[in-house]
Amino acid sequence: MCEDNHGGLARRALFVTGAAAALTLGSVSFASAADGDQETRTVRGTLPPGSPDFVYVPVEVPAGVREIKVAYTYDRPSVPAGTTGNALDIGVFDDRGTELGGRGFRGWSGGARTEFFLRADDATPGYLPGPVREGTWHIALGPYTVAPQGLSYEITITLTYGEPGEAAEPVYPPERAKGRGRAWYRGDCHLHSWYSDGRRTPAEIGALARAAGLDFINSSEHNTHSAHAHWADVAGDDLLVMLGEEITTRNGHVVALGTDPGTFVDWRYRARDNRFGRFARQIRRAGGLVVPAHPHATCVGCNWKFGFGEADAVEVWNGPYTPDDEVTLADWDSMLVASVRGERGWIPAMGSSDAHRDPDAVGSPQTVVLADDLTRQAIQEGIRAGRSYIAESARVALSFRASGGRGEHAGIGERLTVGRDTPVTVRLEVTGAPRCTVRFVTDQGVLHTSPPLPVAGAGVVEWRTTPSYAAYVRAEVRHEAAAGPVPGPLAAFTNPIFLGR
């Protein structure tokens, strides 16, 4: 074993990768060895507060390596209340380099694992199997937060020499399931398996999705597409599995929804780097949708800072309904008001579970989409058009429409084209929402609130208005409030129906 002490970041080079500043440390070298032999190197160092977002440790990999294995530890000193402690993420790039765009990307586990390996025929979940080629590899460290005392780390790198195993050709899930023709389909587009920081296998998620009454799901691991080749056996006639990624930057998270198999989207930039548009366009070129996730979440780095100019939809409801979802709902409603003033196009809302492990419930909430069939393209078209509503579970079902006096009618995400003073009837049918209250929300705010629905959970609520009074109407179904004037948590809500010409 050989040790290389980086100390207080001696032998360092600070550079810019085309986005966030990064630090490259001194190289770790290995000598060639015989088949079956192993060599190990250990490096140690300390990262100070204010470290760059990414620190790279170059590793000179000789020819003839069968497997590379990396393990790491770091200290977690006590910190005062209100002060962030140490959290250090890890991943790896191969001999193709660390340039922004990820050509050399071979895997990322964030802070979910303390070790990983790669070889031609297999890899740790979160990492991509493939040859361990000769050249300069880079272990990527992400000091997510650093305590005032600094962050001391130790990395152990082990190379095993020998003939590489035979790589398997990846198999991906099909882009269509059996479907029911034009119908309402239920899905959960933000899920995590053990291929990032989740604790469930794809098979376990598939079983939970079916039990939750879902028709489609989307693979969305943090900063890796390594799960894409592990969903084929989960998909079936009754379950469409789309592929994507949760791009987890230091200024917010975004779900790439339904990209082509094998698509990797880089995350190594901040809003100030002016790089997000490039990667949003990459998502769309790969056939996916750009969906900012939990925009007002309170975790470090989770709050969305990139604006919504590139968004195809926005995740308004994430997991169990909490105050940050209420803030996101209000923010989204303000964007709807701006859209009817002609300041921007409107952005549809979505809801997803963001389930990681027990007791996180897959399919709570879920997005219910009116689509022409159960295919990747049809589901995406329904989401992009806003022909959808969000429900806490499959028990809740809505039918929402607006009609004029001459037989004109429009549904969720559509426009009822009538004159400004034409009487309009808005009608919501609800099932599965016992004792819930229905609210109709417009660009003026809440203009109608129903009495509680019966214990059976089914009911019909109607309201009459005109386009001059309400430029759009959307419906909220809310549970009983715990106390006072504060509205209860959502059981469901719809995208709007627009009124007028």
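Counting begins at 1 with the first residue of the sequence. Keep in mind the model is a prediction, meaning the values are calculated, not measured.
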Is there a donor-acceptor contact under 3.5 Å linking the side chains of Asp331 and Ser334? no
Would you check if the side chain of Arg186 reaches a backbone N or O of Val368 as a donor-acceptor pair within less than 3.5 Å? no
Between Arg357 and Arg199, is there a donor-acceptor pair closer than 3.5 Å when you use the side chain of the first and the backbone of the second? no
Does the Asp188 side chain pair with the main chain of Ser353, one donor and one acceptor, at a distance under 3.5 Å? yes
Between Ser399 (side chain) and Glu429 (backbone), is there a donor-acceptor pair under 3.5 Å? no
When the ring planes of Tyr269 and Phe279 are compared, do they come out parallel, tilted or perpendicular, using 30° and 60° as the limits? parallel
Contacts of type side chain to side chain contact (heavy atoms under 4.5 Å, CB included), residue Ser388, not counting sequence neighbours: Thr367, Val369, Asn495
Look at the aromatic rings of Phe105 and Trp267 and report parallel, tilted or perpendicular, splitting at 30° and 60°. perpendicular
Is the Trp346-Tyr472 ring centre distance short of 6.0 angstrom? no
Dump the intermediate steps for side-chain contact (heavy atoms from CB on, under 4.5 Å) on Tyr321 and Glu392, then the final yes or no. CA-CA 9 Å; Tyr321 197 76; Glu392 65 182 358; over 6 Å; no
Flag if over 12 foreign heavy atoms under 6.0 Å of CZ, Arg180: yes
Would you say Trp194 and Arg113 make side-chain contact, with heavy atoms under 4.5 Å? yes
Could you check whether any side-chain N or O of Gln380 sits under 3.5 Å from a backbone N or O of Gly258, counting only pairs where one atom can act as donor and the other as acceptor? yes
Determine yes or no for a side-chain-to-main-chain donor-acceptor pair under 3.5 angstrom, with Asp443 supplying the side chain and Leu336 the backbone. no
Is the Phe400 ring parallel, tilted or perpendicular to the Phe440 ring (thresholds 30°, 60°)? parallel
Decide if atom CZ of Phe308 counts as having more than 12 heavy atoms of other residues, nucleotides or ligands within a radius under 6.0 Å. yes
Can a side-chain donor-acceptor contact be found between Ser220 and Asn218 if the only test is distance below 3.5 angstrom? no
Hey, does Tyr195 have a side-chain heavy atom less than 4.5 Å from the side chain of Ser219? no
At their closest point, which heavy atom of Arg200 faces which heavy atom of Glu204, and how far apart are they? CA-OE1, 3.3 Å
Picking from Arg284, Arg376, Arg285, what satisfies salt bridge (Lys or Arg N to Asp or Glu O under 4.0 Å) with Asp260? Arg376
Check for a donor-acceptor pair, side chain of Arg268 on one end and backbone N or O of Thr98 on the other, with a separation under 3.5 Å. yes
Check the pair Glu245, Thr259 against side-chain contact (heavy atoms from CB on, under 4.5 Å), reporting the backbone distance first and the verdict last. CA-CA 8 Å; Glu245 180 186 338; Thr259 52; over 6 Å; no
Residues Arg182, Asp372; criterion side-chain contact (heavy atoms from CB on, under 4.5 Å); working and verdict: CA-CA 4 Å; Arg182 187 171 176 83; Asp372 289 335; 2.5 Å; yes
With a 4.5 Å cut-off on side-chain heavy atoms, are Leu447 and Tyr469 touching? yes
Is the shortest side-chain heavy-atom distance between Phe264 and Leu128 below 4.5 Å? no
Above 12 or not: heavy atoms from other molecules or residues under 6.0 Å from CG of Asp233? no
Taking all non-hydrogen atoms of both residues into account, name the closest pair between His190 and Ala293 and its distance. CE1-CB, 3.9 Å
Are any side-chain N or O atoms of His228 and backbone N or O atoms of Gly262, one a donor and one an acceptor, separated by less than 3.5 Å? yes
Looking only at heavy atoms, which two atoms of Ala402 and Ile497 are closest? And how far apart? N-CD1, 3.7 Å
What I'd like to find out is whether the side chain of Glu414 reaches to under 4.5 Å of the side chain of His409, using heavy atoms alone. no
Apply side-chain contact (heavy atoms from CB on, under 4.5 Å) to the pair Trp332 and Arg474, showing each step before the final yes or no. CA-CA 12 Å; Trp332 172 68; Arg474 60 179 184 84; 3.6 Å; yes
Please find the pair of heavy atoms, one from Asp373 and one from Ala378, that lie closest to each other, and give the distance. O-CB, 3.3 Å
Looking at every non-hydrogen atom in both residues, tell me the closest pair between Arg439 and Pro487 and how far apart they are. NH1-CB, 3.9 Å
Are Asp421 and Ser468 linked by a side-chain donor-acceptor pair shorter than 3.5 Å? yes
Determine yes or no for a side-chain-to-main-chain donor-acceptor pair under 3.5 angstrom, with Asp312 supplying the side chain and Val290 the backbone. yes
Check step by step if side chain to side chain donor-acceptor pair (under 3.5 Å) holds for Asp325 and Thr322. CA-CA 5 Å; Asp325 297 304; Thr322 54; 3.0 Å; yes
Is there a donor-acceptor contact under 3.5 Å linking the side chains of His356 and Asp197? yes
Please determine whether a side-chain nitrogen of the Lys or Arg among Arg501 and Glu408 lies less than 4.0 Å from a carboxylate oxygen of the Asp or Glu. no
Neighbour count above 12 (heavy atom, 6.0 Å) for Arg341 CZ: yes
For the residue pair Asp354 / His192, report whether a side-chain donor-acceptor contact shorter than 3.5 Å exists. yes
Has the side chain of Thr224 got a donor or acceptor atom that lies under 3.5 Å from a matching backbone atom of Gly126? yes
Side-chain heavy-atom pair Ile205, Val234 within 4.5 angstrom cut-off: no
With heavy-atom distances below 4.5 Å as the criterion, would you say the side chains of Tyr389 and Val477 are in contact? no
Between His253 and Glu315, do the side chains contain a donor N or O and an acceptor N or O under 3.5 Å apart? no
Centroid separation under 6.0 Å, is that true for the rings of Phe276 and Trp304? yes
Taking the side chain as every heavy atom from C-beta outward, state whether Ile412 and Trp184 have any pair of such atoms under 4.5 Å apart. yes
